[in-house]
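Atoms within each ligand, like the ligands themselves, are counted from 1 in listed order.
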Amino acid sequence: MSERLCALSDLAEGSAIECADPREPEGATLVLLRSGDQVHAYLNVCPHAGRPLNWAPGRFLYAHGQLVCAAHGAAFRPEDGYCIGGPCRGESLRRVAIAIEGDAVHLAESADS
Ligand code: FES
């Protein structure tokens, strides 16, 4: 079994949470987004300037179907991480493959997709 990230019940509809990346001992994190019955996971690194997307630990600007980088306002689609506006328009967040089993969200066996 691969590494557990969080409980599915931690992710309310329309919410975004920050999880430690178990592959990165240096404190890098992931952002997990709930959109309907889908959960998406990305490296918490903005393609614009490499900053974390959140404005405070575990706090993201995620509303109206967009995840917005707190540093300079790049806006990303939750379903594919594509930047639809802002300074890195046309680039994408790096998706991390996950698997959901019951109430547990895990890294997928090959989570470097
Ligand atoms: S670092 Fe995210 S928009 Fe600049």
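Close approach to Cys69 involves these atoms of ligand 1, each under 4.0 Å from a residue heavy atom: 1 (S), 2 (Fe), 3 (S). Each of the atoms 1 (S), 2 (Fe), 3 (S) of ligand 1 lies under 4.0 Å from some heavy atom of Cys46. With ligand atoms numbered from 1 in the order given, ligand 1 contributes 1 (S) to contacts under 4.0 Å with heavy atoms of Ala71. Close approach of ligand 1 to Arg51 is summarised as follows: ligand atoms under 4.0 Å from at least one heavy atom of the residue are 1 (S). Close contacts between ligand 1 and Pro87 involve ligand atoms 3 (S) [criterion: under 4.0 Å to a heavy atom]. Within ligand 1, the atoms closer than 4.0 Å to a non-hydrogen atom of Ala74 are 3 (S), numbered from 1 in the order shown.
Here the side chains of Phe76 and Cys46 are in contact, with some heavy-atom distance below 4.5 Å. Side-chain contact between Glu18 and Leu53 is absent, with no heavy-atom pair separated by less than 4.5 Å. Contact annotation: the side chain of Ser35 never approaches that of Leu33 to less than 4.5 Å [non-hydrogen atoms, C-beta and beyond]. Taking 4.5 Å as the limit, some side-chain heavy atom of His72 sits within range of a side-chain heavy atom of Arg51.
His48 contributes ND1 as its N, O or S atom closest to atom 4 (Fe) of ligand 1.
Using a 4.0 Å cut-off between heavy atoms, Ala49 contacts ligand 1 through both its backbone and its side chain. Neither the backbone nor the side chain of Cys88 comes within 4.0 Å of ligand 1, counting heavy atoms alone.
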Practice prompt. Carefully, step by step, assess Val31 and Ile17 under the rule side chain to side chain contact (heavy atoms under 4.5 Å, CB included).
Written response: CA-CA 6 Å; Val31 54; Ile17 64 171; over 6 Å; no
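Between Gly86 and ligand 1 there is no heavy-atom distance shorter than 4.0 Å.
Not a single N/O/S atom of His72, whether from backbone or side chain, sits less than 2.8 Å from atom 2 (Fe) of ligand 1.
The side-chain contact (heavy atoms from CB on, under 4.5 Å) test with Asn44 is passed by exactly one of Val96, Leu93, Asn54: Asn54.
Without hydrogens or angle criteria, Asp21 side chain to Ala28 main chain gives no donor-acceptor distance under 3.5 Å.
A distance of 9.0 Å separates CZ in Arg95 from CD in Glu79, rounded to the nearest 0.5 Å.
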